[in-house]
**Student:** 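Before we start, here is the structure in question, set down as structure tokens.
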Amino acid sequence: MSTPPTTAPLVESEEPTQLQKVARYLINHPHVVLIGVLIVLILVTGAIESNYLSFSGLRNSALFAVPIGVLAAGQTILMLTGGIDLSAAMIATGAAYVAANQSPKGAAIAIVAGLLVGIIAGAANGIGVGVFRVHPIIMTLAMSGILLGLFTSWAQTIFSGSTRMGDFIRTLGGGSIFGRTLPWAVIVWAFLSLLIIYMLRRSGFGRTLYALGDNPVASRLSGLRSWRVLVAVYTLAGLLGAIAGLLLGGRVGAVDLQLANNFLLPSVAAAVIGGTSIFGGVGTYTGTILGALILGVLQSMLTFLGAGQAIQQMLYGSIVIGLSWLYTRIAAAQ
Amino acid sequence: MTGNQSLLAARDVAKRYGPVVALRSADLTVEPGEIHALLGANGAGKSTLVKILSAVIPADAGTISVHGRQADIRKPGDAMAAGIGTVFQDPALIPDLSLEQNLRISELDRDDVLPWLDRMNLSHIDLDLLAGDVPLAVLRLLDLARALARDPQLLMLDEITAALTTDQADYVFELMREWKERGRSVLFISHRLGEVLEACDRATILRNGIHVAHLDLAGVEESALVTAMLGEELVEKVEAAEEEPAVLLDKEMTARPVVLELKDIRLRDRVNGVSLQLHQGEILGLTALEGQGQNELFQVLSGDRRPSSGELHVDGERLSARSPYDAISRGLAFVPADRHQALLPQRSVRENLAIPLYNRARRWLSLVGDEEERVEQAVERLTIDVRAGRQVQRLSGGNQQKVTIGRWLASGFDTLLCFDPTRGIDIQTKAQIYDLLREIAGTGSAVLLYTSELREIPLVCDRVLIMYAGRIVGELPAAAATEEALLTAAHGLNEEAAI
Amino acid sequence: GGDDDEATETTAGATETTDAAPADETFVLGVSNTLVGNAWREQMICAIKAEARARGNVTEVVLQNRNTDVAGQIADIQTLISQGVDAIIINPADRSALDDVIAEADAQGIPVISVDAPVTAPQAYFVSNNQVEYGEVGARWLFEALGGEGKVAYMRGLDGHPADTDRDTGWDAALADYPGIEVVYENWTGWDPSQGAQQALEILTSMDVDGIWTSGIDYSVVEQFEVAGVDYVPIVGADNNAFIEQLMTIEGLNGAGVSNPPSIGGVGAAVALNILEGQDVPKETLLTPVVLDTMDELEGVFVPDLTAGWSSYMVIEPFVSYASPQDVIDCKGPGE
Amino acid sequence: MTASIQETLVSDSQAPWRRWARRHGWTFGVWILLLVLIAYYATLIPRFGAFQVASIVNNGTPLVFLAVGQAIIVIAGGIDLGVGGMLVLSSVTAARLMEGQPLLVALLIAVGILLAAAAINAVVAWIINVSKVPDIVITLGSLYFFQGLALAILPNPAGGANEWFRWLFTGSKTGIGSNPWPAIVMITITVTAIGWWLGKTKRGLSLYAVGSDKTAAYLSGLNAARVKILSYAIGGAFAALAGLANTAIAGRGNANTVGGNLTLNSVAAIVLGGVALTGGIGSVIAVIPAGLILFFLSPILTAMGVDPNSAQVVQGVLIVLVMAVTGIIEWRRRLRS
Ligand SMILES: Nc1ncnc2c1ncn2[C@@H]1O[C@H](COP(=O)(O)OP(=O)(O)OP(=O)(O)O)[C@@H](O)[C@H]1O
Ligand SMILES: Nc1ncnc2c1ncn2[C@@H]1O[C@H](COP(=O)(O)OP(=O)(O)OP(=O)(O)O)[C@@H](O)[C@H]1O
Ligand SMILES: [Mg+2]
Ligand SMILES: [Mg+2]
């Protein structure tokens, strides 16, 4: 039978008004709304500190967004599978610490060593979650503690010595090309973003991530072996965490074991502001990027406000709630 | 009939979900002391209407009056208060609570329901069991008992029999009749027209969210109902699908190579030594009463669970699957009855159909080149309505069911294991699925089809096995598979039929 | 080196030694610290271990070291009491909340030495760098460097932390004497290098400042001049090794490190053991911070190949009995 | 048909001990584990007496209350990252208001704080309901917000607490001593009361119902939104109770407590206590020992001479191991059914 079943629902179609058209457009393109929010925040910040509305001002916000955005990339792909990584910040710190410590041996070794930290810790998370079925929150929470313990003792033993970042990584994290216009860190981030967006949209692995998060039972019955997917994705997230750590450490110039502490919750926030469901199955990295940029601008704004931590935190909290609310409103309207 | 003395009168009820019109303008009138059928194809709007009447979802328009008085029903509580008791299409018991606790949250206790459970031969059920551990059929009956305990004026049953076996269904009909005798009313929804004609007095028929007929069922033919439900033009198609059951002769069939063989499969106390042979191009039926181990048997076949003992051979080679993947990679494709076990509700039809393609890591780096074609072919072959296809959860149950099968058409298989694929599916979709199965068998693949709807067996199968208490107790050629024969065997009565 | 001597005078005449305690007596030291992974605190602990090891009469150093709050520290100190230590060295998470538990320890004959920040408990001994002075001398150096004129950024520590409050007192005292100085930016870094770096980058790109005072978040701030691509302005930091290195090596960077040595922990351990050995020890031992800005001062303290956040300045004479920075760096307690 | 039902009955009732083990085994096990650990600890340290017991129980109290609050919310299908912030908020508020007040006033203040906390968290739940934003996100926001608010209320560590109020939580007017009983009584009364309410009353069960299956709960006439608000209100009150305990111990308020860590501890504690993060399953009674164990691990490890860094590692590994075991058991069980 080629004719569609007559029991299919009848879809009404009356001429929508101009306003409705706009509304419908926004509803179908929630990212446009996020961009709007971003612009508003930039203008508000500009109102607080006029100099901010300059290339270098915006450039800073972009720089701040980089570590958040890269960490949040890890959170995004994990959330798609219904997971989360509470050890991301500690992984970033550890990676940066090792890289800095190994810098005297040359950039290549430093970077490899740093990334290895992420890969190993991530894989361990993946095995815990995928093979031994430990709840992601617990697994990564424990991992965070384990890493802190290991690195504090290693800091006095195998990794004792200077933790100044090598020049190469410092250029990567804080340097720019074209006469201080385009930061390397932003270039790296852009490159990673393309990879991740491709992975989620156009790769089989991306498909398995969404599937696993949306319905694990169905995925299993379709032949997915969840543990493979999970080990892979947590390892990848660990790697991204490490990269974020290197970029951040590169910009800060020297590393201590608190380097990325304050980036954990923002990395989660960036993903959720960007519309990734913490329950898995739905989300895009494009949204997360916007989320990260928004938080980057927010960071600048809070700095200029010179407000004490009290105001900062309350504002931060309100923004997280407000934006995620706005976003789900839109998603619901779809 | 004027609304005033009717028990329930719904007028011009409308409901839309975004672009989808679930109910356009439905009227429904239920008189005191009648059993009223609400009929319609999948997506006609039956469940929606029921949900509106029991205030689970708000209507966009329309009036509802009970005993002629305009009823203001906002939340499920109000409906109960107004004397409307409902058994919904999906069970409403909390899996993690014991049955007793489940009763308590609906402000009932065991004494309220025990008499009714007794009537359904469930009096000895242990109310301390977790609802999650109780078979679906029993849950449906508990739902019914819970509704009855409230002694409602109007009892609404949405596809309650879909999950029940024939004899369980009989308890339900008995209770419906008693309800009627007590001058109360029942609203009965089912896709099994046979039982509808048997049990109901009058019927309201919905098509695309509009009531197309109110009829008195006395002396009405099934065909008349079908025509009313589907509209003229569809009916021929359906009949075309149902004529000449393609039964092949046993000898011819057994001559063919065996593609799937079970040797004395056992699983704890549920499956007690099942052996069978499935031949190339054969559609082997399997039927049984509720809970005779068929679920567990299919879990084993699909690689979801490992048997405690026994061997499984695919194309003559031993298969001991550690996960469904192993079974799939040997060509066994499993279609579960429960869509929630098969679908990715928030993902697109395309992703749902293509997902098995990516269960190998070497396909992870990109998308398989011909994904698009594979998907389109599957959609074509099953005429899946993909208009709400951005999220499968927006598809109709029937269309969702098609997706669960189409997945394997898109990714390829040798042997199809279908578990009750037509549960709660309208007659036209069923016919389509029968067609498909035959077609598949025609191309040399084999099909193992478990079904609880005995009428299906002569229509689709070449051979049928009957399972009882974890064993195969009978085998019949499809031609001989009359409902009576099957039922007696299914009750484990005529051992002589066994071989 | 010679710098150390002038670097450290103590208020109250420190050490009259009277060898009362029997020489062969041995002790167990307890340590309670509530911030893990922080370089300053780690070095403090290492200094405690080094001193305990150097003194030879300590059998074990029991550490309670985890990220926690005041209530947690109260619990940790009780744990140390339960585990029968002879003296307890704490870095207090609160000025007065520990008074009762300290009293309890004292009642059980266990002396408590509060390192780095004061506690109000009368029984406690107090060993610290003078934080008010720290704030003041650094501020004065900066204002002088600017010739008493100009816009400065005031990058504070952790909002509400006692040391931050003390330093602010010192800062205000200095500021009062320089009417020409305008504070164009004041905010807290939470003593978090990456936080400090971000604020610095904003300040350097969007505001014009003539000088920066940082509450110990220094090297990451210096780093941002490079990132922002602006000229260096005078900057005050602490004695973090990375910062000292920057001051020594970076062309055109004018700055000063104000000493705030975590090795104060070693002094704390020394005081604890002096008490246990029956010496007569002053209740309060305050180190006056020194300003390190001349090249030979810097070279005098700089330790090549040291963790960035660690203070260069480790051997605090005359208090500690370990001889070289390496003892602290090794971070080995007795029997490790 | 009858046959199959008979089977379901028989197959399960054959082993009632098994059902008992499945439902209460975990609770039982965690209590045993706690006792074993305490006994072991006693052998490790020079003296083990009232002082040691008191120091474990009293100082463990805040985490226990916090975890119980978290458990209630998780059982009802939510998760509240904000509890840590709520603890800090109520703690500093109490310290600020109670300073120099007589017991009666202090108690009134305490009650006021509990009610306020319940109300505030109810608002959080309301936001979750109307915004349809996942709990974890909204409460991430409330965590930040509460911490900021706490800092605003008490910028510098300050405040105080009535000494008899401190006695209520610590058995001593100075916050430390050798009297564990008040804390024990307080925990026993509050937690068993809430436990009874959860397991026996219709309202209480409705938390399990909604946490277990929202639609089914709705179809059985429960109002999921209201249940969520209820659970958050109670959970918030317990978080505030933890805050009060905190103030009683410290005798002072300090807003620089990191609420995030406390929250994460509370989550670890409930998981150790056998509460399923997916909702609908778990008992608050098991959360008491779980909280104490979590608090108690680091003293044990130091007493064993493990250095704190390694102790942190060991602690993490232990939690993972416990979860791995249960994770696999649970997964097996799901495969069975
Ligand atoms: N959430 C939704 N959003 C948009 N459209 C929907 C949604 N749910 C269902 N539909 C539309 O309604 C049609 C029928 O869906 P429905 O759930 O009614 O199936 P059904 O009537 O129960 O049929 P079946 O008996 O097969 O389950 C689908 O074709 C789909 O397009
Ligand atoms: N939650 C929903 N969102 C959007 N559309 C829906 C939703 N539920 C039902 N629909 C649509 O409303 C129409 C009527 O659905 P309904 O479930 O009432 O059909 P039905 O007659 O009960 O079918 P069935 O016989 O399969 O139960 C269908 O087109 C369906 O797709
Ligand atoms: Mg329906
Ligand atoms: Mg349906």
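Below, chain A is the first sequence line, B the second, and so on; all start at residue 1.
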**Student:** Could you pull out the closest heavy-atom pair between C:W191 and A:Q258, with the gap in Å?
**Tutor:**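 Nearest pair, atom of C:W191 first, then A:Q258: O-OE1, 4.4 Å.
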**Student:** Counting only non-hydrogen atoms closer than 4.5 Å, does C:I203 touch chain A with its backbone (N, CA, C, O), its side chain (CB onward), both, or neither?
**Tutor:**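 Neither part.
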**Student:** Measuring only between side-chain heavy atoms, which start at C-beta, is A:Q156 closer than 4.5 Å to C:K49?
**Tutor:**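 A:Q156 does not reach C:K49 side chain to side chain.
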**Student:** I'd like to know which of C:Q246, C:K332, C:R156, C:R66 tops the heavy-atom pair count under 4.5 Å against chain A.
**Tutor:**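 Greatest number of close heavy-atom pairs with chain A: C:Q246.
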**Student:** Counting neighbours of OH on C:Y232 that are heavy atoms of other residues, nucleotides or ligands and sit closer than 6.0 Å, is the number greater than 12?
**Tutor:** yes
**Student:** Using non-hydrogen atoms and a 4.5 Å limit, figure out which bit of A:F159 sits close to chain C: side chain, backbone, both or neither.
**Tutor:**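 For A:F159, no heavy atom lies under 4.5 Å from chain C.
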**Student:** Mark yes or no for whether C:S194, through its side chain, and A:L259, through its backbone, hold a donor-acceptor pair below 3.5 Å.
**Tutor:** yes
**Student:** Tell me, out of C:P304, C:G190, C:P193, C:G196, who's got the most heavy-atom pairs with chain A below 4.5 Å.
**Tutor:** C:P193
**Student:** Counting heavy-atom pairs under 4.5 Å to chain C, which of A:T157, A:N261, A:D256 comes out on top?
**Tutor:**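 Among the listed options, the one with the most contacts to chain C is A:D256.
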**Student:** For C:L201, which atoms come within 4.5 Å of any heavy atom of chain A: side chain, backbone, both, or neither?
**Tutor:** both
**Student:** Measuring heavy-atom distances to chain A, does C:A200 have an atom under 4.5 Å in its side chain, in its backbone, in both, or in neither?
**Tutor:** neither
**Student:** Just verifying a value: how many Å separate A:T303 OG1 and C:M207 CE, rounded to the nearest 0.5 Å?
**Tutor:** 9.0 Å
**Student:** Which region of C:N67, side chain (C-beta onward) or backbone (N, CA, C, O), has a non-hydrogen atom less than 4.5 Å from a non-hydrogen atom of chain A, or is it both or neither?
**Tutor:**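 Just the side chain, heavy atoms under 4.5 Å.
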**Student:** Do A:L63 and C:V227 make a side-chain contact, defined as non-hydrogen atoms from C-beta onward lying under 4.5 Å apart?
**Tutor:** yes
**Student:** Could you tell me which portion of C:D192 (side chain, backbone, both or neither) has an atom closer than 4.5 angstrom to a non-hydrogen atom of chain A?
**Tutor:**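 Just the side chain, heavy atoms under 4.5 Å.
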**Student:** Please identify, among C:W310, C:W188, C:Y219, the residue contributing the most non-hydrogen atom pairs under 4.5 Å to chain A.
**Tutor:**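 Highest number of heavy-atom pairs under 4.5 Å: C:Y219.
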**Student:** Salt bridge check: are C:E223 and A:R170 linked by an N-O gap of less than 4.0 Å?
**Tutor:**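 Salt bridge between C:E223 and A:R170, a charged N being under 4.0 Å from a carboxylate O: yes.
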**Student:** Top residue by heavy-atom pair count (under 4.5 Å) with chain C, among A:G173, A:P183, A:S300?
**Tutor:**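 Counting heavy-atom pairs under 4.5 Å, the top option is A:S300.
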**Student:** Is C:E186 in contact with chain A via its backbone, its side chain, both, or neither, using a 4.5 Å heavy-atom distance?
**Tutor:**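 The backbone, not the side chain.
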**Student:** Quick check: does any side chain N or O of C:D305 sit under 3.5 Å from a backbone N or O of A:S162, one acting as donor and the other as acceptor?
**Tutor:** yes
**Student:** Is any side-chain heavy atom of A:F151 closer than 4.5 Å to a side-chain heavy atom of C:V36?
**Tutor:**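 No, their side chains stay 4.5 Å or more apart.
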**Student:** Please name the pair of heavy atoms, one in A:L257 and one in C:G37, separated by the smallest distance, quoted to 0.1 Å.
**Tutor:** CB-O, 3.3 Å
**Student:** Atom CD in C:Q195, atom CG in A:L302: separation rounded to 0.5 Å?
**Tutor:**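 So the gap between those two atoms works out to 9.0 Å.
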**Student:** For A:R251, is there any backbone N or O sitting under 3.5 Å from a side-chain donor or acceptor partner on C:Q224?
**Tutor:** yes
**Student:** Roughly how far apart are C:E202 CD and A:S61 OG, rounded to 0.5 Å?
**Tutor:** 5.5 Å
**Student:** Do other residues, nucleotides or ligands put more than 12 heavy atoms under 6.0 Å from A:F191 CZ?
**Tutor:**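 For A:F191, atom CZ is not crowded (no more than 12 foreign heavy atoms under 6.0 Å).
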**Student:** Does C:A308 offer a backbone N or O that forms a donor-acceptor pair with the side chain of A:T163 under 3.5 Å?
**Tutor:** yes
